[in-house]
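Everything numeric here is computed off the predicted structure, so don't read it as measured data. Sequential numbering from 1 along the given sequence is applied to the chain's residues.
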Amino acid sequence: MQMRKYVVTFIVAVLIVGGAFWAWDKNRTPAAEESSVEKTPALSQQKNIQEKPATVQENTTETADKDSVSKSEDTEPVTEGVDKPESQTGEKTSSASQNSSGNKPTKAPAERPASNKNVSNPSAGSKSETNSSKGSSKTGGKAEFVNTYNVEHVVANPESTTVLVNKTYRLPAGYVPPDLVYPNVPFTFSEKIDKRKMRREAATALEKLFAGAKKDGVSLAGVSGYRSESRQTTLYNNYVKRDGVKAADTYSARPGHSEHQTGLTIDVAGSTGKCAAESCFAGTKEAKWLAKHVQEYGFIIRYPDGKDSITGYKYEPWHLRYVGTKIAQAVSSRSITLEQYFGNTVPVSK
């Protein structure tokens, strides 16, 4: 009887414990399941967030590669901090990481593309080409000058020591300078004829030039100074008969267009007369001295080397023109011609 009592008590205890375990297990399972349900979306969301920056980086790189192909070489660099797809230096990745941490990068004001600037404001290279068409290469930045016999003007003040005489600008018909004298310098001939003469001011300057050359061990001699219009007519016509008009125009002036008629010009050579008014004079010590020092006495090499398209004549290292020290120094220091110095500012009478 007592044994049965123990058995019943044991069974009841087992049932109570078993019921307790069953109740506990029943309450535990929904909580675990609920937790796992919440975790799955959270993990998926986190994974997507981690993958997004990589996608942005890939798109950025792809866009940058496309833009780098079409971008012009002269495009101005993009200012740092501007949110543009052209950036290929890692700024985009840095911005993405800052956004994910909650710090918004400060955007600088976007600049206008360089291509727009190029449309409204030509580059320096383009501007230079535009200006060159206006004669800057020929006139030193002044108005365009065209040296041709097709356009002829008579100078208004032929007695000026700075008068410009060339294929476009001529002296009045029959002009004779008012103060011709014989400069006290040696010539390659002994006769006292017109081609020994020069204007007084130019003659005085020539005497100083010859003295300066002699002091440096260089002996000079005059070849041809003043030349009348009638004498120039004879010379030019002879050259045309011998070489034709086209060739003659490259080394001889037509009547009225010769600088020799101004009385301000002289051809010089060495005291021996060797290579006088010939191309071989360019290599002599006399020519080298003249090229270095004539501006000190108010003269210029009127037809310099490489300027024949401007002056209209071949290189003549022997042909000196008096213009005064101020203009001579300016022309020499800038390596330009008298045409370039004056541009289109020459006063004319018609």
Side-chain angles (χ1 to χ4, degrees), residues 147 165-167 183 185-198 202-203 205-207 209-210 212-214 216-229 231-255 257-295 297 299-323 328 331-332 335 337-339:
N147 195 355
V165 177
N166 54 24
K167 292 181 178 180
V185 297
F187 277 77
T188 56
F189 54 90
S190 58
E191 297 84 2
K192 274 204 168 184
I193 52 180
D194 277 352
K195 67 178 183 177
R196 286 184 76 111
K197 296 177 181 178
M198 291 190 76
L206 185 70
E207 292 170 356
L209 184 149
F210 271 49
K214 190 173 183 179
D216 289 342
V218 177
S219 298
L220 300 173
V223 176
S224 179
Y226 169 70
R227 191 179 301 153
S228 67
E229 187 172 339
R231 176 59 180 163
Q232 186 67 31
T233 301
T234 301
L235 289 174
Y236 178 77
N237 288 340
N238 289 339
Y239 293 138
V240 169
K241 288 178 182 178
R242 186 185 69 185
D243 300 325
V245 173
K246 186 175 181 180
D249 283 343
T250 65
Y251 62 84
S252 180
R254 296 182 184 182
H257 294 266
S258 174
E259 280 205 327
H260 285 277
Q261 192 179 343
T262 66
L264 300 168
T265 294
I266 187 168
D267 297 334
V268 300
S271 57
T272 63
K274 183 180 179 181
C275 291
E278 295 179 9
S279 58
C280 58
F281 180 71
T284 64
K285 65 177 182 179
E286 291 85 2
K288 293 176 182 178
W289 187 93
L290 290 171
K292 187 176 181 180
H293 296 286
V294 290
Q295 71 278 1
Y297 303 92
F299 289 89
I300 60 172
I301 304 297
R302 181 65 179 90
Y303 307 126
D305 190 19
K307 301 285 189 177
D308 51 301
S309 63
I310 303 172
T311 64
Y313 298 104
K314 294 179 179 179
Y315 175 39
E316 294 188 359
W318 60 84
H319 185 110
L320 309 185
R321 162 65 195 275
Y322 180 77
V323 291
V331 168
S332 176
S335 299
T337 67
L338 205 56
E339 282 82 6

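Separating the CZ atom in R254 from the CD atom in E229 is a distance of 13.5 Å, to the nearest 0.5 Å. Here the CD-CZ distance, from E316 to R321, works out to 14.0 Å after rounding to the nearest 0.5 Å. In this structure, the separation between CG on L290 and CG on L320 is 5.5 Å, given to the nearest 0.5 Å. Here the CG-OH distance, from D243 to Y251, works out to 3.5 Å after rounding to the nearest 0.5 Å. Between the OG1 atom in T188 and the NZ atom in K274 there is a gap of 15.5 Å [rounded to 0.5 Å].
Look at E259 and R227 and you find no salt bridge, because none of the NZ, NE, NH1 or NH2 atoms lies under 4.0 Å from a carboxylate O.
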Inset, instruction - Check the pair V323 / V331 against side chain to side chain contact (heavy atoms under 4.5 Å, CB included), numbers first and verdict last. - result: CA-CA 10 Å; V323 291; V331 168; 5.9 Å; no

Inset, instruction - List the steps and the verdict of side chain to side chain contact (heavy atoms under 4.5 Å, CB included) for L220 and L209. - result: CA-CA 9 Å; L220 300 173; L209 184 149; 3.7 Å; yes

Inset, instruction - Verify side-chain hydrogen bond (donor to acceptor under 3.5 Å, both in side chains) between Y236 and D249, making sure each step is shown before the conclusion. - result: CA-CA 9 Å; Y236 178 77; D249 283 343; 2.7 Å; yes

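L206 has its side chain within reach of M198: a pair of non-hydrogen atoms, C-beta onward, lies under 4.5 Å apart.
Ring geometry for Y303 versus H319: interplanar angle of 30 to 60°, hence tilted.
Annotation: cation-pi geometry not satisfied between K192 and F187 (NZ/CZ under 6.0 angstrom from ring centroid, within 45° of ring axis).
Between W289 and Y297, the closest heavy-atom pair is CH2-CE1, 4.0 Å. Counting all heavy atoms, side chain and backbone alike, G312 lies closest to N147 at N-ND2, 3.9 Å. Taking every heavy atom of both residues into account, A282 and A287 meet most closely at O-CB, 3.7 Å.
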